[in-house]
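Data block below; observations after.
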Amino acid sequence: MRKHLFALGGASLMLSVAMLGTMAQEVAPTTPPDPPKFDAQGFPTFVGAKDILEYKALPAYHEPAWVTKNFVDTGKLPPVAERLPKEPMVYLASNMPDGVGVYGDVMRHVIGGRPQGWNYAAGQVQGWGGIDIGMYECLTRTGPLFEIKADELEPLPNLAKSWDWSADGHELTMHLIEGAKWSDGVAFNADDVMFYWDDNINDPNVKPLNSNGPDSFGAGTTLTKVDDNTVKWTFKEAFPKQYLYTMAYGGFCPLPAHLLKPQHPKYSKNTYEQYQNAFPANYLNFPVMGAWTPVEYRPDDIVVLRRNPYYWKVDSEGNQLPYLDELEYKLSTWADRDVQAVAGTGDFSNLEQAESYVEALKKSADPAAPARLAFGARTIGYSIVPNLSGNGWGEPDARGQAVRELNRNLDFRKAITYAIDRQHLGEALVKGPFTAIYPGGLYAGTAYYDKASTVYYPYSVESAKAELEKAGLKDTDGDGVVNFPADQAGGANVEITLLANADYQTDKSLAEGVIASMQAIGIRVIINTVPGSAMTDTQNSGKWDWQVLRNGSELISVVQGTSSLAPTGPQTSPFHRAGTDKTVDLLPYEQEMVDVVNKFIATQEPAARVDLMKQYQKLYTENVNAIGLTQYPGALIINKRFANIPAGAPIFMFNWAEDNIIRERVFVPADKQSDFELHKDTLPGEPGLDKGPVS
Ligand code: BQZ
Ligand code: CA
């Protein structure tokens, strides 16, 4: 624009300055600049689901020698073949990067969260960082889909080993793994699945962790038991295959009904709070379907897990998985996770906080470094999400309600996005080709992203101020902060709270950058850092004006978490949920987004889906649904002694790397094994308070 202008010469200049005057006010929206080239990104070897696993009875099964000697031969455990289901899940050696593995050793995780207890079904947090992902297996699985060919993309079977659609596509019959057992030897069957659905997901007084409510499986969807190994879904839509993704991690990961049901208020005298807290972190040997279960917990210190002797997966030679006998989770900080992984005192990290990149890269560049660091695609993205509820979610006070009205005003949201200097924000985190300008919406470089459908409001303080005026905000008392309209919040200065997770430096750095940018246009933003342990409840409470949010997988993959792309149900959107009257007061463009997302769920036609996501991206970015800040690649740091780490595994896509790398088939070659195990040659004992491992 400017270039042409100068070409015009003298007289017109005067005119144009005037025009500039007004013109300068508003920089026209455009498409975003392309992300910087990033060559360090690794790529997976794409395969089909059938190349990874199958369900099959094998002629013989095996287990660690010490299990046979100390537990089977002594009659403490039945032989492995009797502990396995009729047809275990079999991981094919042909898809294992380093082939069939050997038993032994431990993976030492370091995490920033803290376990509240093991009742995932009632919304307790286990501390993140892979604890819950490893303990609670789900009906389907999507973490490993990063290496599945696009035209074969569908959730992998897991606890549900196969499923059939009825001819009209309204019924989905799911066949569960048959004859599998929880880690305490009790049978797993459809009753565990039905208890999770009826008395947790569908009990309005219970909200399982990571659950977006029953509507995330489709409004009016029902689930019934057919027999011990079969359940049947009935959907309003035809062939809504989308919901198979919701049945993966975090959406449908059943817990042991034989332990939880007796504690549930429907079947006991307990209150819902007593039910939620019935299995505190020192309740050990908690029955799981996962490969390891907690046998020791030291507050603020460590959680140690030992192999599940009833784990229902084997390799193609019949070796019962997992190969690793122990997992440890040191209770520290997320930043320390990177430090320890690079130093070799920890074994795993998702390098995700950009501030740590330069140091981690420098240290792991040394050939003698203990860990390997591998970058993936740009799938870490941050946004400022405005609370868009105008009808009472979080019961805002007068000031809070006035902020909601502003959040629901397009001119105001435009002002915010114009005021963000994303180039500077990214460079302030880390110099180099890592961060990209992210306007919001679907990420550049992902399957459904379309640049031409992406509206970007370039950084311009003048344009931001012009939009604030359009939103009716003036600094009526001349103290540098614009004021609410006279009839709202008493015409006071506009003050906005910004929720940020105190456990992440990146979240706080971005919050500080946003506060400075808002100050420049006369908006006072006050940071509200909340410790991770309280973050999930605060997010769900709606008691916040704006939030610094590390976006979920829905903006990367679209197919994982699709119902969270818009407020398709009362609890599905992270920043617009039902108000006091249980309805979501959708803005007109939001209604269009909901319609587009519901159409996407109801069609399998690839071309239609691509077009629908172009519409979605245009609606999202043109209406500044949320304010994108930055987008950058993460890197997986793993100690070099571990084998069977799949190439190109992203730290985050359909799920986090703790799921993506299939930890149950990760092993350490015999000659590289360490002596870091804390409870060598032990198995989980009886479930209970202050119980422990047994030998
Ligand atoms: C990865 C992840 C595994 C949750 C959590 C944490 C919670 C959020 C998010 C990530 C941590 C790690 O992320 O940062 O690298 O290990 O655990 O679950 O941020 O506060 O609520 O969504 O996954
Ligand atoms: Ca003022």
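As the structure lists them, so they are numbered: ligands from 1, and atoms in each ligand from 1.
For a threshold of 3.5 Å applied to N or O pairs, the pair formed by I133 and ligand 1 contains no separation below that value. Considering backbone and side-chain N/O of D132, none are found under 3.5 Å from N/O of ligand 1.
The closest approach between any non-hydrogen atom of R550 and ligand 1 is below 4.0 Å. F652 does not count as a contact of ligand 1, since none of its heavy atoms falls under 4.0 Å from the ligand. Heavy atoms of M535 stay at 4.0 angstrom or farther from ligand 1.
For the side chain to side chain donor-acceptor pair (under 3.5 Å) with S564, the qualifying choice from T572, N212, N551 is N212, the only one to do so.
With the Ca ion (ligand 2) as the vertex, O (V481) and OD1 (N493) define an angle of 90°, rounded to 10°.
When you scan the N, O or S atoms of D475 for the one nearest the Ca ion (ligand 2), you land on OD1. Closest approach between the Ca ion (ligand 2) and any N/O/S atom of D479 involves OD1.
Ion pair R298/E296 flagged as a salt bridge, since at least one NZ, NE, NH1 or NH2 atom sits closer than 4.0 Å to an Asp/Glu carboxylate oxygen. Ion pairing between E352 and R337 holds under the 4.0 Å rule for side-chain N and carboxylate O. A salt bridge between D659 and R141 is present, with a side-chain N of the basic residue lying under 4.0 Å from a carboxylate O of the acidic one.
Looking at E137 and N158, their side chains do bring a donor and an acceptor atom within 3.5 Å of each other. For the residue pair E658 / N350, a side-chain donor-acceptor distance below 3.5 Å is found, with atom types taken as modelled.
Close approach of ligand 1 to E658 (heavy-atom distance below 4.0 Å) involves ligand atoms 1 (C), 16 (O).
A perpendicular orientation is assigned to the rings of W544 and W393, their planes being inclined by more than 60° (bins at 30° and 60°).
Between the choices W128, Y504, Y249, the shortest heavy-atom distance to atom 4 (C) of ligand 1 belongs to W128.
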